Each structure stands twice: as structure tokens, then as C-alpha cells.
Amino acid sequence: MTAKAMLCRCEDVTLDEVMEALEAGHQDIESVKRYTGFGTGWCQGKQCVVACARVLAKATGKAPQLPITPRPPLHPVALGVLASLGDSEEG
Amino acid sequence: MARVVVIGAGIMGLATAYNLAKRGVRDVLVVDRTYLCGGASGRNGGGVRAQFSSETNIRLMRESIAICRDFATEMKINVWFRQGGYLFLARSAERARALEENVALQNRCGLPTRMVDAAEMRKIVPELATEGVRAASFNPGDGVVFPWPFVWGYARAAEDLGVTIRPFTEVVGFETSNGRITGVRLRPTRLSPLDASDEVLPAGDATTEACDEVVICAGAWSPKVAALLGVALPNKPHRHEICATEPLKPWLGPLVADLTDGLYFSQSMRGEIVGGVAVDPVPEGINQQSSRRFLTTYSRALVGAVPVLAGVRVLRQWAGCYDLTPDGGPIVGRVADPTNLTLACGFMGHGFMMAPVMGRLLAEHVDTGETSELFARWSLDRFARGDLVHENMIIG
Ligand SMILES: Cc1cc2nc3c(=O)[nH]c(=O)nc-3n(C[C@H](O)[C@H](O)[C@H](O)COP(=O)(O)OP(=O)(O)OC[C@H]3O[C@@H](n4cnc5c(N)ncnc54)[C@H](O)[C@@H]3O)c2cc1C
């Protein structure tokens with residue numbers, strides 16, 4: 001992969017930027033997510049989290065880390081649709 | 001050996017550590033049980049405003065906003081600060097009167113806040129449904145930041161001045177002698193596998209770090225940490241949820257807030273509509289899980305306020321904890337016992353915006369040991385004395 005390889009297409013995060021986060025001392029996936037913003041765009045990490053986890057594992061020599069904490073909804077849902085739903089019991 | 005151990009690497013702890021180092025204090029250690037941005041400081045709406053009801057908060061927030069304006073230059077990081085104002089809506093005559101009184105006070109403090117009628121509200125936000133809104137107050141100088149770079153900015157600037165920041169390091173106890181803390185017990189942690197609540201697990205044995213001074217900046221966790229020293233805090237964690245939509249072209253100027261249902265929403269510089277609403281009841285204690293009830297409640301309130309948003313999609317929701325005190329004021333400053341402990345917690349739902357100015361004041365307090373009228377007013381013992389503070393502009 002080249003330095004400009006795009007790891008997260010939604011938020012324009014390149015391999016370079018992930019490496020920079022690692023060099024700045026952010027060695028876990030939740031920190032790298034917040035430092036670079038990967039996984040916070042339209043796909044919410046579905047396309048990029050594996051690539052980023054691999055880069056992290058390779059660079060740190062540690063076992064690949066688990067996915068970032070999933071943030072609902074699973075797919076983007078319109079506010080109007082959500083507004084028309086009833087409240088669920090379990091919260 | 002640390003001169004000062006700051007517990008919690010949220011915005012308050014980092015701002016305090018940065019300002020300590022800037023004053024020339026060496027050997028400052030900041031520890032956090034999880035990753036940076038793991039607490040409320042990485043989970044908030046980034047709202048920054050001076051529209052409060054108490055003169056103390058108004059004056060402090062004027063200063064904080066000034067610091068925000070200079071932040072990018074001082075810290076060499078873009079925090080996406082945008083001053084689009086805050087528009088507070090009032091739906092009852094009583095709330096409208098309260099806003100008017102606040103505006104008068106804010107004007108006396110030098111803020112340009114003004115009351116606006118429905119026609120002007122629609123000028124500020126053309127898509128706003130104004131039926132039922134009696135009045136609103138608007139301060140064009142209020143704004144929003146993107147919290148993450150703000151946290152990184154303080155962290156990097158503090159490290160450049162020699163501060164040590166240790167994430168994944170939890171305070172599990174203290175050593176004391178003659179009414180003073182002599183050491184902090186630290187245990188390594190790691191991320192918990194497949195856990196949607198952002199929890200951490202222990203990852204090794206505890207060791208002791210000797211220290212001169214301790215500052216608790218542990219946000220909603222502060223009562224737990226203080227309890228390890230036998231200090232009882234009246235704060236309660238209160239889950240607060242928030243969500244972001246897909247990015248839109250810039251269209252929304254201010255952060256709009258409605259104190260009736262706790263709805264607030266703004267547009268970040270990334271284009272997302274970020275907002276929340278009060279949900280009642282919430283689970284007891286520290287809880288950072290998202291609920292579907294929040295999403296439906298928020299969507300109803302937001303689509304009611306701005307019907308044209310019905311077609312816009314929510315990308316993600318998350319949760320953090322407010323750190324609530326019985327009177328809505330923070331708990332700040334040294335305590336009587338142990339004598340080398342300083343507290344900085346209880347910042348409700350507006351501690352992010354307070355941190356730039358509070359970090360400065362706290363560093364001075366810890367460094368010099370001198371106290372001020374402000375710290376006396378916000379001290380822990382006000383609850384025992386029954387000398388409570390008042391603030392009615394609290395969202396959610
Ligand atoms: C959804 C939401 C929206 C909000 N919106 C706004 C807003 O628009 N504007 C605003 O100004 N404020 C807002 N707030 C409030 C704001 O986020 C907080 O007041 C602020 O971030 C508090 O900062 P802190 O550093 O005191 O606490 P935190 O950021 O919570 O930091 C405390 C840290 O202490 C650590 N810790 C806890 N226990 C231990 C231990 N035993 N050992 C070591 N470390 C420990 C935690 O891991 C945590 O990182 C919001 C809050 C939430 C939840």
C-alpha cells in the first residue's frame with residue numbers, strides 16, 4: 001500500500017494519517033478512530049475498520065483489535081421514519 | 001514521583017495539566033482508565049455558550065469563548081470552532097420571562113444577547129416551526145466546536161510542555177498518611193472485547209506512584225474515585241444520549257435549544273446535525289449504552305421543530321454521562337481532608353465549554369494554594385453549609 005492509500009473513504013483517511021496517529025502514541029483502535037476520524041462517516045466503519053485494524057496489528061505487532069464499539073443504527077435511518085415509531089419497552 | 005497526579009484525562013484534567021505545565025510546574029502525571037476521549041469529553045455536543053442565568057457562569061464563559069477563538073493558534077490544531085450563536089426557545093410565558101431576565105443580566109455583563117420574536121427566529125433559522133414558541137433569546141457569539149481535536153490539542157500541548165499522559169491506567173486506591181495523600185495506586189486496563197458500553201478490564205497488577213498533590217477530574221466517575229479516600233460527593237451520573245445525521249451542506253446557523261423538552265441541535269463544521277433530547281427515566285449509575293427510545297423521542301422533537309429534516313438520515317448515536325450536582329453548580333477546589341486533594345467535577349452538561357477557563361483557574365489554585373471567592377462559592381462544603389448556588393439555563 002502507498003502512503004496515500006485511502007483506508008476510510010467516507011472521511012478521507014489515508015494510510016499516512018493512521019501511521020501518524022500510531023507515531024503520536026495512539027496504539028489502540030478506539031484512539032486511532034478518534035484521532036483520525038475513520039469509521040465515523042456514511043458507512044460507520046463497515047468498509048474501513050478491517051483495513052485499519054490490520055494496519056494497527058501489523059505496526060504494533062499485537063493481535064488485531066476488536067471492532068470499534070458499534071454505534072446504532074446499523075444503517076442510516078431517516079428522522080421521519082424514527083419519529084413515526086413507537087417507544088420500545090426495553091428502552 | 002509526581003508533583004501532581006491528575007485523575008481523568010478528559011478535557012478538564014488535560015486543561016488543568018496543560019495550565020500547570022505552562023505555569024512551570026514539573027512532573028505532572030495525568031492518568032485515565034480508558035482511551036482519551038473515552039469519557040464525556042469525547043461524547044458531547046461541543047456547544048460553547050455564554051447564555052447562562054448566573055453572573056459567575058456568564059463571565060467565566062465569556063472568557064472561555066475568548067480562549068476558544070485563540071485555541072487553533074495557541075494549540076496548532078483546528079477545532080472547527082464556529083460562532084453561529086445559540087437560540088434558546090421559550091414555550092411558556094414563565095420561561096419567556098426567565099429568558100428576558102437572563103438577557104438583561106447578560107447585557108449588563110457585556111454580552112450582545114437579545115430577545116427575538118417569531119419573525120426574527122425565522123430569519124435566523126428559516127425552516128424552524130415557530131408555532132407555540134413564545135419568545136427566544138439569541139447570542140451571536142455562542143458557538144460549537146468539534147470535541148475530539150480539542151482534547152487532542154490540550155493533550156499534545158501538555159505533552160510538549162513535559163506532562164506525562166497515561167491512558168489505560170486506572171486509579172484503584174490511595175496511600176495516605178497524616179491527612180495527606182502520599183501515593184496513588186494505579187492499575188493497567190485494556191479495552192473490553194465486544195462490549196457496546198465502552199468498558200475496560202483490568203490488565204495487570206497495581207503499582208504505587210508517589211505524589212504531592214492530587215486533582216480529581218474524573219467527571220461522572222468522581223464520586224467513585226473520591227470514595228476511595230472516604231470523601232463523599234453528592235454528584236450523580238446521569239446518562240445523556242446524542243446522535244449525528246448524515247452531513248448536509250451548511251444551512252443551520254445557531255445551536256437551537258428548547259429548555260422545555262431538552263431538545264438541542266446544531267450543525268457541526270463536518271456538516272452533521274448533532275443533537276439530543278431529555279429522556280426520562282435513565283438507568284441508574286454510569287451507563288453509556290444507547291437506547292432506541294432516545295432515537296424516537298429525539299426524532300419526534302427534531303422533526304416537530306424543523307419538519308424539513310424528516311428525510312435526513314441518522315448515521316450514529318452514542319451516550320455519555322452528565323455529572324449532576326444537587327444545585328446545578330460544579331464542585332471545585334481543595335477539600336479540608338485530605339489537605340492535598342483538589343476536586344474539579346460536577347459540571348453538569350456544560351463542562352466541556354467551562355474547561356478552557358477552569359483549567360487556568362484550577363492550575364493556579366493547585367500551584368499557589370490560594371483560594372478565590374469563586375472557589376469558595378463552588379466548594380464541596382457549601383452543601384453542608386446549605387449555601388447553594390443557582391443556575392436555570394441547563395440543557396437536558
Ligand atoms: C451527550 C452529552 C452532550 C454534552 N454536550 C455538551 C455541550 O454541548 N457542551 C458542553 O460544554 N458540555 C457538554 N456535555 C458535558 C461535557 O461533556 C462534560 O461536562 C465534560 O466533558 C466533562 O469533562 P471532564 O474532563 O470533567 O470529564 P470526562 O470527560 O468524563 O473525563 C473523566 C475521565 O476520568 C476517567 N476516570 C474515571 N475514573 C477513573 C479512575 N478511577 N482512574 C483513572 N481515570 C478515571 C474517565 O475514563 C474519563 O475519561 C455533554 C455531555 C454529554 C454526555
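Chain letters run A, B, ... following the sequence lines, proteins first, then strands; residues in each count from 1. Everything numeric in this text was worked out from a predicted model, so none of it was measured.
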Of the backbone (N, CA, C, O) and the side chain (C-beta and beyond), which part of [X] lies under 4.5 Å from a heavy atom of chain A, both, or neither?
X: B:V312; value: both
X: B:R190; value: neither
X: B:L191; value: side chain
X: B:T245; value: side chain
X: B:E159; value: neither

A:R9 atom CZ, neighbour heavy-atom count above 12 within 6.0 Å: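 12 or below, so no.
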
Backbone of [Y] reached by a side-chain donor or acceptor of [X] within 3.5 Å:
X: B:R300; Y: A:L85; answer: yes
X: B:W318; Y: A:P70; answer: no
X: B:R316; Y: A:T40; answer: yes

Heavy-atom pair with the smallest gap, counting every atom of [X] and [Y]:
X: A:W42; Y: B:E246; result: CZ3-OE1, 3.4 Å
X: B:V303; Y: A:A83; result: CG2-CB, 4.4 Å
X: A:A78; Y: B:R313; result: N-CG, 3.4 Å
X: A:P73; Y: B:L315; result: CD-O, 3.8 Å
X: A:S31; Y: B:W152; result: O-CZ2, 3.7 Å

B:Y298 and A:L79, any side-chain heavy atoms less than 4.5 Å apart: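 In contact.
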
Pairwise side-chain contact, A:K33 with B:W148, heavy-atom cut-off 4.5 Å (strictly under):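 With C-beta onward as the side chain, the pair touches.
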
Spacing of CD belonging to A:E30 relative to SG belonging to B:C37, to within rounding of 0.5 Å: 11.0 Å

